[in-house]
Amino acid sequence: MQPPAVGPGRRTAVLTVMCLALAVVVGMLASLLVAAPGMARDLAATESELQWVMNAYGVTFAGLLLAGGALGDRYGRYGVLLTGLAVFGLASGAVLLVDDVALVILLRGAAGVGAALVMPMTLSVITAVYPPESRGRAVGIWSGVSFGSALLAVLLAGGLLEAYSWRSVFAVNAGLAAVALVAAAVLVPPFRAAGAAPLDAVGALLSLTGIGAMVFGIVEGPERGWAHGAVLAGFAVGAAALAAFVRWELRAPYPLLDLRVFRLRGVSAGALVITAETLAMFGFFFLGLQYLQEILGYSPLRAGLALAAMAVGAMVFSPVAPALAKRYGMAVVIGLGMALIAAGLLILVAVVDGSGIRGFLVATAVLGAGVALAATPATEAIVAALPPAKQGVASALNDLTRELGGVLGIAVLGSVFNSAYRSEVGRAAGELPAGVPEDASGTARDSLAGALRVADGVGGARGADFAGAARDAFASGMSGALVGGLAVVALGGGAAVALLRRGV
């Protein structure tokens, strides 16, 4: 059944609660990026393991988003939303009780399952309770929170880490999930779409397997070697599962995702834009926050404040982006946004050699404005392309492109960085003096934090030289990763604008 009539006051309250729930699940991944250096030290985690702490959450999140949207359409968005918040909160709180990095990774995967139930429900509830004439602005606010909450989570995490350990990040996120759960239970009207199709369990399993296996290959390639059997097997399994997913979805009577929707130019262009910009942004977050803390020596809070201009830019421009798209055309606004993102990345490439923070702040301000102008019209295009009975899946498709972009950003750009960093640090480690422990080279290649520990152990001028070489290797690897992100933004943005201009 459809939701009961909702007055303006309650609509605003529902929008607020949905934005809170959205901020909790999006902010979790971003806040961990600030905590990564502390986790690396306390858990003795390698760079690859750090990527898995992030990506275990992202893989289950992205892999199950479509299933989460379909469950909401089938069984009711109210119940699926509350279940997701409960699973997310419990898994996040359980991290407080474990010390093993493998268990942390496992719990991050469980929290991703909860997030996959929550995120598509937030947008589908908003589109259901808001009438068409005011839906664009509500979606714009949702889109602004989707990006801005990641940056605000960075600030919150930075403040927590000034006084507490990285575990405080998990404690606060579990608490916020509990608040969102109670508020949603009180304010969100229970409803579900009439005549929803059965859940496509096979499609859900194939999408999760394909995404997970491909990310495994991408993340483990620099660590194990690109020709390693496990890495090649990951790519093979991932490719086979994704091919099977496409084949199954085209033939299934009730597909999880009807791939024919990509014939709609709004869906295909919107998906291209969101995937490309989130890939670049989360790759930047993963490396940029380490850069600020390990290279520039910033505290976690100061590192978060260095990104505040992005949050302000995103949250200011997102609500007005739909009006700009309506006045000047979606292709123009999206093209401008993607051009600004590319310009911001180009500025970053020029300043990560240690030239200071001023250029970094300019770059992040440009990035924030670009993301707002590109992503908000893209979100509206995807949601508007599908009928009301499919708003759960429409929302999940929008969310999937975001989360898949985030996972690939950390995995792909993180691997580009990791390959370059390990190569350069390995050469520098070969020049360390005799008497350094045999495993020092491996420790240095695992992460910048490990390299700095080795440098402290060597001491003196040789140790200082090695620390400088490790920082240079980090900056060089980060520059290469940013160039990769810039290429993705340029290609994705160009293809999307061409699609919209052709009107196909």
Side-chain angles (χ1 to χ4, degrees), residues 1-3 14 17-18 20-22 24-26 28 57-92 109-129 142 146 177 180-181 184-185 187-212 241 245 248-249 252-259 261 267 382-383 385-404 407:
M1 62 180 178
Q2 296 300 317
V14 169
V17 174
M18 292 302 94
L20 172 61
L22 172 69
V24 170
V25 298
V26 172
M28 181 76 256
Y57 181 76
V59 165
T60 53
F61 197 165
L64 294 174
L65 267 170
L66 291 172
L71 284 169
D73 288 341
R74 176 66 177 172
Y75 298 108
R77 294 161 194 167
Y78 178 84
V80 171
L81 173 68
L82 299 187
T83 300
L85 285 169
V87 171
F88 175 90
L90 290 172
S92 298
V113 174
L117 299 177
V118 172
M119 192 171 182
M121 297 306 99
T122 61
L123 187 55
S124 61
V125 166
I126 290 170
T127 57
V129 301
W142 181 95
S146 179
L181 174 63
L187 292 170
V188 174
F191 63 90
R192 73 180 183 191
L199 176 66
D200 177 15
V202 173
L205 179 61
L206 288 173
S207 67
L208 179 61
T209 302
I211 293 170
F245 173 77
W248 173 265
E249 294 302 293
Y254 301 104
L256 188 68
L257 172 62
D258 186 353
L259 297 175
V261 300
V267 171
I382 293 173
V383 170
L386 294 174
K390 287 292 184 181
Q391 281 304 297
V393 173
S395 302
L397 174 59
N398 170 74
D399 301 340
L400 174 63
T401 57
R402 292 176 187 273
E403 292 310 309
L404 189 57
V407 169

Check: P189 and V14 side chains under 4.5 Å, non-hydrogen atoms: yes
Side chains of L81 and V118 in contact at under 4.5 Å (non-hydrogen atoms): yes
Partners passing side chain to side chain contact (heavy atoms under 4.5 Å, CB included) against L187 (at least two apart in sequence or in another chain): A13, V17
Minimum heavy-atom distance A111-A91, with the two atoms named: N-CB, 3.6 Å
Results of side chain to side chain contact (heavy atoms under 4.5 Å, CB included) for A185 - residues two or more places apart only: Y78, L82
Reported OG1-to-CG distance for the pair T83 and L117, which is rounded to 0.5 angstrom: 7.0 Å
Closest non-hydrogen atom pair, G89 against A177: CA-CB, 3.9 Å
Atom of S207, atom of A204 and distance for their closest heavy-atom approach: OG-O, 2.9 Å
Considering all heavy atoms, the nearest G203-E249 contact: CA-OE2, 3.4 Å
Nearest heavy atoms of A110 and V87, plus distance in Å: O-CG1, 3.7 Å
T209 side chain to L206 backbone, donor-acceptor under 3.5 Å: no
Closest non-hydrogen atom pair, L85 against A21: CD2-CB, 4.2 Å
Which atom pairs, one a donor and one an acceptor, fall under 3.5 Å between side chains of residues 58-71 and the rest of the protein, sequence neighbours left out?
from : atom 1 : to   : atom 2 : distance (Å)
T60  : OG1    : A56  : O      : 3.1
T60  : OG1    : Y57  : O      : 3.2
T60  : OG1    : G109 : O      : 2.8

